[in-house]
Amino acid sequence: MSAPAPSPLAVVDAEPLPRQEEVLTEAALAFVAELHRRFTPRRDELLARRQERRAEIARTSTLDFLPETAAIRADDSWKVAPAPAALNDRRVEITGPTDRKMTINALNSGAKVWLADFEDASAPTWENVVLGQLNLIDAYTRKIDFTDPRSGKSYALKPAEELATVVMRPRGWHLEERHLTFDGRPVPGALVDFGLYFFHNAQRLIDLGKGPYFYLPKTESHLEARLWNEIFVFAQDYVGIPQGTVRATVLIETITAAYEMEEILYELRDHAAGLNAGRWDYLFSIVKNFRDGGQKFVLPDRNAVTMTAPFMRAYTELLVRTCHKRGAHAIGGMAAFIPSRKDAEVNKVAFEKVKADKDREAGDGFDGSWVAHPDLVPIAMASFDAVLGEKPNQKDRLREDVSVAAGDLIAIDSLDAEPTYAGLVSAVQVGIRYIEAWLRGLGAVAIFNLMEDAATAEISRSQIWQWINAGVVFENGKAATPELAREVAAEELAAIRAEIGEEAFAAGKWQQAHDLLLHVSLDADYADFLTLPAYEQLVG
């Protein structure tokens, strides 16, 4: 076999990384270049279509199921492909970035699945992008270990049969990878993450009795799912593996996708594994799309919007019904609590909340759910074991009792709660602390005993923006204004400086994070994604 032609991709403005040549091979880069050449033009069209749809929502303040796809929804005969054995039991899934320690801990966690995250739990520094790929290659070839330089503790993989199945999440369609260019243009981050992972690992995973499995984030329409399906078809032919080997689970974390669940499964039906209910991005998407809709679309504090809120119940129950009608897995939301090593009472209260949440999901018919920490795996496992027993899933629960009208999904004013001043303070606190860590290259950050990622930062800044623009008046009589947001942010910055000390404050990116949060929270021109302006400031 002749050597592949040099890739037309250029690596730009990137410091050399140890062992990067194992990831950035000529053959792998040639594959990514071909993905870019074939599919980026359509991706660009779909991003433009998002803007057109957003403008239509601004004009009408409503959404509905699509009339042009009614026949797909009405046709009871189609199903998604049967789940492969490695993805048939998904009762607990752990999420997290692909750094070396997390890779070992997640695979060893006892969860059925690990969502190996290149998206919201990973700041896309070049080091995270490339070495994350290398860590997964090393895990599959059992060449991975890790010794914590601070504690001296060593980590190694358990036997293969005890390891979680990996479902990898690439970046969303909106993000570019500035360090890989084609004719001077950045390649979409989604194609870089997918392409490198698929090229290096597809056959390797098949040989391990598994396969190249993916979570697809930030999907806004069935047309975006169709594009992914076309990519899967091409990729499988390119490396010479059977069609249908790829499996994809789509996060229903945008309000527009909630109206196209069946169509999304239909477009991916030969490759579909299920749908997931992603809570924080979903709320962020509601604010983003209905930010001109007036008082009835104003969300209260994020912690007041539980999964039992009527419009959230409509969304999750419709998701379960849709998935099971089509033979797909329905995967529930995140338990983000991080156990405290110091406070048993905090743990007790939080564990009870996690148990109640997972009991509800299992009772509603979900086939599995997410946790952010290994200590939560047994709690979530017990909730699903109690319902599933020895069964791998409960797809036989068709939930035909569920009936959701279009208006139910956006009945935000059905929730009996109001924004509070404490909610504003919390949004500012989480926003500054998360963005500061993200700018240092950390995408999954423990803040106030919760694992926060980019989705929680998005809802924080979106709520500040929405409350100000809706003229909210808090219970203490203070009006939500830019001046108040600046005042709260200044107080938080001073509190952080006092908390961590002058030296640590100066070594961090606190002022930069403060300024960026205020920029995306107060700018009249609402940024589609916080990570777009943040990426411009990300070093590495």
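Along the sequence shown, the residues carry numbers beginning at 1.
- Side chains of Asn393 and Arg90 form no contact here, defined as non-hydrogen atoms less than 4.5 Å apart.
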Exercise for the section: Could you check Trp465 against Leu522 for side-chain contact (heavy atoms from CB on, under 4.5 Å), going step by step and ending with a plain yes or no? Expected result: CA-CA 6 Å; Trp465 194 100; Leu522 305 183; over 6 Å; no

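- The shortest non-hydrogen separation linking Ala372 to Ile94 is C-CG1, 4.4 Å.
- Within 6.0 Å of the CD atom in Glu21, the count of heavy atoms belonging to other residues, nucleotides or ligands exceeds 12.
- In this pair, Tyr197 and Phe214 present their aromatic rings perpendicular. The plane angle is above 60°, beyond the 30 to 60° band.
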Practice task
Would you check, one step at a time, whether the test side-chain contact (heavy atoms from CB on, under 4.5 Å) holds for Leu424 with Trp467?
Solution key: CA-CA 9 Å; Leu424 174 68; Trp467 295 345; 4.1 Å; yes

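- In terms of modelled atom types and a separation under 3.5 Å, the side chain of Thr147 and the main chain of Gly152 share no donor-acceptor contact.
- Here Arg204 does not pair with Asp207 in a salt bridge; the nearest charged N to carboxylate O distance is not below 4.0 Å.
- The salt bridge (Lys or Arg N to Asp or Glu O under 4.0 Å) test applied to Lys353 returns no partner, not counting sequence neighbours.
- Looking at heavy atoms from C-beta onward, Phe232 lies out of side-chain contact with Leu227 at the 4.5 angstrom threshold.
- For His174, the ring-ring contact (aromatic ring centres under 6.0 Å, His included) criterion is met by Phe529, not counting sequence neighbours.
- The side-chain heavy atoms of Leu216 and Thr219, taken from C-beta on, include a pair separated by under 4.5 Å.
- For Asp138, the salt bridge (Lys or Arg N to Asp or Glu O under 4.0 Å) partners are Arg19, Arg100, not counting sequence neighbours.
- To the nearest 0.5 angstrom, Trp370 atom CH2 is 14.5 Å from Leu376 atom CG.
- In plain terms, the two heavy atoms of Ile379 and Phe351 that are nearest each other are CD1-CD2, 3.3 Å.
- A salt bridge links Glu224 with Arg50: at least one charged nitrogen is closer than 4.0 Å to a carboxylate oxygen.
- The stretch residues 374-383 participates, sequence neighbours left out, in these salt bridge (charged side-chain N to carboxylate O under 4.0 Å, His left out) pairs: Arg341-Asp375.
- The shortest side-chain heavy-atom distance between Phe284 and Leu299 does not fall under the 4.5 Å cut-off.
- We find the CD1-CG distance between Ile432 and Leu517 to be 5.5 Å, quoted to the nearest 0.5 Å.
- Taking 4.5 Å as the limit, every side-chain heavy atom of Asp281 sits out of range of all side-chain heavy atoms of Thr254.
- Heavy atoms of other residues, nucleotides or ligands lying less than 6.0 angstrom from CD of Glu127 number 12 at most.
- Salt bridge present: Lys358 and Glu361 bring a charged side-chain N and a carboxylate O closer than 4.0 Å.
- Nearest heavy-atom pair, Ile137 versus Val23, reported as atom, atom and distance to 0.1 Å: CD1-CG2, 4.4 Å.
- Under the 4.5 Å side-chain criterion, counting only non-hydrogen atoms from C-beta, Phe146 is not in contact with Met102.
- Partner His36 forms a ring-ring contact (aromatic ring centres under 6.0 Å, His included) with one of Phe234, Phe194, Phe182 and no other, that one being Phe182.
- Side-chain N or O atoms of Thr456 include one that pairs as donor or acceptor with a backbone N or O of Asp453 at under 3.5 Å.
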Exercise for the section: Test side-chain contact (heavy atoms from CB on, under 4.5 Å) on Val32 and Val187 and set out the steps. Expected result: CA-CA 9 Å; Val32 174; Val187 176; 4.2 Å; yes

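- Between Phe366 and Ile331, the closest side-chain pair of non-hydrogen atoms is not below 4.5 Å.
- Remark: the backbone N or O of Ala28 is paired with a side-chain donor or acceptor of Thr25 at under 3.5 angstrom.
- In the model, Thr103 has no side-chain atom that pairs as donor or acceptor with a side-chain atom of Thr98 under 3.5 Å.
- Note that the CG atom of Leu196 and the CG atom of Leu29 stand 6.5 Å from one another [nearest 0.5 Å].
- No donor-acceptor pair closer than 3.5 Å links the side chain of His179 to the backbone N or O of Trp126.
- Salt bridge present: Asp44 and Arg185 bring a charged side-chain N and a carboxylate O closer than 4.0 Å.
- Within 6.0 Å of atom CD in Glu499, more than 12 heavy atoms from other residues, nucleotides or ligands are found, so the atom counts as buried in its surroundings.
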Problem - Derivation of the salt bridge (Lys or Arg N to Asp or Glu O under 4.0 Å) call for Glu452 and Arg302 - result: CA-CA 13 Å; Glu452 307 284 8; Arg302 75 170 201 177; 2.8 Å; yes

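- Between the side chain of Gln236 and the backbone N or O of Val246, at least one donor-acceptor pair lies under 3.5 Å.
- Using a cutoff of 4.0 Å between basic side-chain nitrogens and carboxylate oxygens, Glu491 and Arg497 are not scored as salt-bridged.
- Judged by distance alone, with hydrogens and angles left aside, the side-chain atoms of Asn88 form no donor-acceptor pair with the main-chain N or O of Pro392 at under 3.5 Å.
- Here the closest heavy-atom approach between residue Pro124 and residue Trp438 is recorded as CD-CZ2, 3.3 Å.
- Considering CG of Asp367 and CG of Leu388, their distance stands at 7.0 Å, rounded to 0.5 Å.
- In terms of modelled atom types and a separation under 3.5 Å, the side chain of Gln133 and the main chain of Val130 share no donor-acceptor contact.
- Applying the salt bridge (charged side-chain N to carboxylate O under 4.0 Å, His left out) test to pairs two or more places apart or on separate chains, those with a residue in residues 156-174 are Asp117-Arg169, Glu119-Arg169, Arg171-Glu177, Arg171-Asp193.
- No donor-acceptor pair closer than 3.5 Å links the side chain of Asp357 to the backbone N or O of Ala335.
- In this structure, Tyr535 has no ring-ring contact (aromatic ring centres under 6.0 Å, His included) partners at least two apart in sequence or on a different chain.
- Within the 3.5 Å criterion, the main-chain N or O of Val346 finds a donor-acceptor partner in the side chain of Asp343.
- In this structure, Leu518 CG and Arg461 CZ are separated by 13.0 Å, a value rounded to the nearest 0.5 Å.
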Problem - CA sep, side-chain torsions, deciding dist, call: His373, Met451, side-chain contact (heavy atoms from CB on, under 4.5 Å) - result: CA-CA 8 Å; His373 192 279; Met451 185 62 79; 5.9 Å; no

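- Looking at heavy atoms from C-beta onward, Ser462 lies out of side-chain contact with Lys288 at the 4.5 angstrom threshold.
- Leu493 contributes atom CG, which lies 10.0 Å from atom CD of Glu436 (distance to the nearest 0.5 angstrom).
- Salt-bridge annotation for Glu352 and Lys355: absent, with no side-chain N of the basic residue lying under 4.0 Å from a carboxylate O of the acidic one.
- A salt bridge between Arg91 and Asp385 is present, with a side-chain N of the basic residue lying under 4.0 Å from a carboxylate O of the acidic one.
- Ser460 and Tyr434 are not linked by any side-chain donor-acceptor pair at a separation below 3.5 angstrom, with hydrogens and angles left out of the test.
- Looking at every heavy atom in both residues, Tyr421 comes nearest to Leu484 through CE1-CD1, 4.0 Å.
- Heavy-atom minimum distance, Tyr215 versus Asn276: CE2-CB, 3.8 Å.
- Taking the six-membered ring where the residue is Trp, the centroids of Phe39 and Trp228 are separated by 6.0 Å or more.
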